[in-house]
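Let me begin by handing over the structure; questions about it come next.
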Amino acid sequence: MLRREFLNGFGLSVGASLLAPSTVLGVQTTTAIGTSHIQPGDWTALRNLFPLTRKYIQLSTFLLASHPKPVADAIEKHRHAFDENPSDYWHHHFETIDRDICTVAGQYMGCEAKNIALTDSTTMGLAMVYSGLQLQPGDEVLQTVHDHYSTDMSLAYRAQRTGAKINRIALYDDPAQVSTDDVLKRMKAAITPNTRVFAATWVHSSTGVKLPIRAMADTISALNKQRKANQQILFCVDGVHGFGIEDQNISELGCDFFIAGTHKWIFGPRGTGLVWGNDKAWAQSEPVIPSFSASYEVWMGGMTQDQVPVGEHMSPGGFHSFEHRWALPEAFKLHLQLGKANVQQRIHQLNQQTKEGLAKMPHVTLYTPAGNELSSGLVCFDVEGVSPADVVKTMHNKGIIMSSTPYRISYARFAPSLLNNEQEIEQALAEIQALA
Ligand SMILES: Cc1ncc(COP(=O)(O)O)c(C=O)c1O
């Protein structure tokens, strides 16, 4: 449809979509999108926004978000409009909506919207970044033994295609004893003149260790100052388990690429994620999947590539589950309403309580560092004589949902979040105590 024709027919549906019916929680309501009226730090009110069952204590909500009401309402609004008139609804929004989403994401992240690409998951972002990097045979990528499967495999596939070599290092042996000095020492020792990329993970879902990304970035930056332009090291971070917890502006974290899903701690719609890159990082990347942004207009001959924001150009195109993607701003707005400092304080407090409780139990070995400096929202541990899988099963039978780490060495894992309270943590600790 011609753009003008389409705009002419649009007035009615815009007005209609501002107030949308919702059947979330089984109640028919009319809700103004984006207004949950939640007060900063009101954790009980926050919990009430989630349809999450109360039959269980949920200590694994980071795995995949339950949609809070403002997100669910926005999804419902978009779904309804798409089902009613997909072509018009898409035509009206597609030119501006990704930019609007990135603007809200940028407000939360403390970075420019133009540098954000939208993805469907952490895995898609990692694959996109590592597939798009310009690498030659003989170039080296340094990664760690602590990274997730998705980083490992994205790099392995890339190495197969380019002839680049992957080197792996351990940044610590005993996670509970990790130190910033030792991490920096090991990282520096493993970087060679051929290292072009350093891939790391902010918070390890294998151990709960939170890496000192800023200090690592400063070390890499100092090394880069002594290197020629074609020998620079790019620092790429899988940030998914710090994102939505740590009170951190992403552009000040110091890495060049920051990759995360938004369907875990951020509470965004399932099937959403993003990549932030600084200008230097994007300049060294090539798109992998053609974007359906203004780059399409470049292909048509109506624009030049420099007129397209780089993040939009790098966002994988094709049609998506738009009702989910377009509802993402509501999750960032919710976090901003709660206050980033409050969110960090609350999650750290509940994790501290969990670790202090576990540390007192002689039959428990705690692997996650005790302090918040080098840990965040994940607590990994072992119970003497009980396998992690059996700990998870027994706790489930007691009404507590937790996880075991999906790595070759597996631990039992709690993830105390904004959806928990102090009493729930005490109850979970009491059940672990009962395993003695
Ligand atoms: C460190 C880390 N990176 C990536 C992923 C994959 O995330 P996604 O499901 O968003 O692709 C996970 C899974 O939880 C993870 O723990």
Side-chain angles (χ1 to χ4, degrees), residues 58-67 71 105 116-131 143-157 168 170-172 175 178 198-211 213 216 235-246 250 253 255 257-276 288-289 315-316 320-321 324-325 328 331 347 351 367-368 374-380 388 392 401-417:
Q58 303 274 349
L59 281 166
S60 196
T61 48
F62 77 95
L63 187 68
L64 194 54
S66 166
H67 295 158
V71 171
I116 299 171
L118 297 173
T119 65
D120 294 353
S121 63
T122 324
T123 301
M124 183 193 264
L126 290 164
M128 190 184 105
V129 165
Y130 293 130
S131 299
Q143 70 155 139
T144 82
V145 299
H146 318 290
D147 299 318
H148 186 260
Y149 160 85
S150 299
T151 291
D152 275 14
M153 295 317 296
S154 298
L155 288 173
Y157 297 149
R168 286 170 145 213
L171 294 172
Y172 50 81
V178 64
F198 180 48
T201 302
W202 193 3
V203 179
H204 296 158
S205 45
S206 48
T207 59
V209 166
K210 175 177 71 184
L211 290 181
I213 298 293
M216 294 165 80
F235 186 19
C236 307
V237 172
D238 171 349
V240 70
H241 294 307
F243 198 43
I245 302 178
E246 301 296 316
I250 299 307
L253 199 52
C255 56
F257 271 122
F258 180 89
I259 303 130
T262 46
H263 49 198
K264 295 183 190 285
W265 299 90
I266 293 284
F267 307 137
R270 293 182 287 272
T272 58
L274 52 76
V275 174
W276 170 86
V288 177
I289 296 177
S315 297
H320 300 281
S321 37
H324 277 216
R325 176 170 290 191
L328 178 56
I347 297 178
N351 276 266
Y367 296 102
T368 305
L374 294 173
S375 70
S376 186
L378 301 172
V379 179
C380 297
V392 173
I401 297 182
M402 61 180 297
S403 54
S404 56
T405 60
Y407 290 84
R408 284 179 210 106
I409 299 174
S410 181
Y411 302 128
R413 180 175 60 191
F414 280 147
S417 77

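Fair warning: this is a prediction, and the values are worked out from it, not measured in the lab. Every number for a ligand or one of its atoms is a count from 1 in the order of the listing.
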Query raised in the report: For the side chain of His204 and the backbone of Ser206, is there at least one donor-acceptor N/O pair under 3.5 Å apart?
Result: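 Looks like no, no N/O pair under 3.5 Å.
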Requested in this report: Could you check whether the rings of Phe235 and Phe198 sit parallel, tilted or perpendicular, using 30° and 60° as the cut-offs?
Outcome: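 The rings of Phe235 and Phe198 lie parallel, inter-plane angle below 30°.
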Requested in this report: Pick out which of Asp238, Thr122, Leu274 makes a side-chain contact (heavy atoms from CB on, under 4.5 Å) with Phe243.
Outcome: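 Single pass found, and it is Leu274.
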Requested in this report: For ligand 1, list the protein residues that place a heavy atom within a distance below 4.0 Å of one of its atoms, sorted by chain and number.
Outcome: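 Close residues (ligand 1, cut-off 4.0 Å): Ser121, Thr122, Thr123, His148, Thr201, Ser205, Asp238, Val240, His241, His263, Lys264.
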Query raised in the report: Under a 4.0 Å N-O cut-off, is there an ion pair linking Arg168 with Asp152?
Result: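 Yes, this pair counts.
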Query raised in the report: Parallel, tilted or perpendicular for Phe258 and Trp202, by the 30°/60° rule?
Result: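 It falls in the perpendicular class, over 60°.
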Report task. On the 0 to 90° scale, with breaks at 30° and 60°, tag the Trp265-Phe62 ring pair as parallel, tilted or perpendicular. Result ->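 Parallel: the ring planes of Trp265 and Phe62 meet at under 30°.
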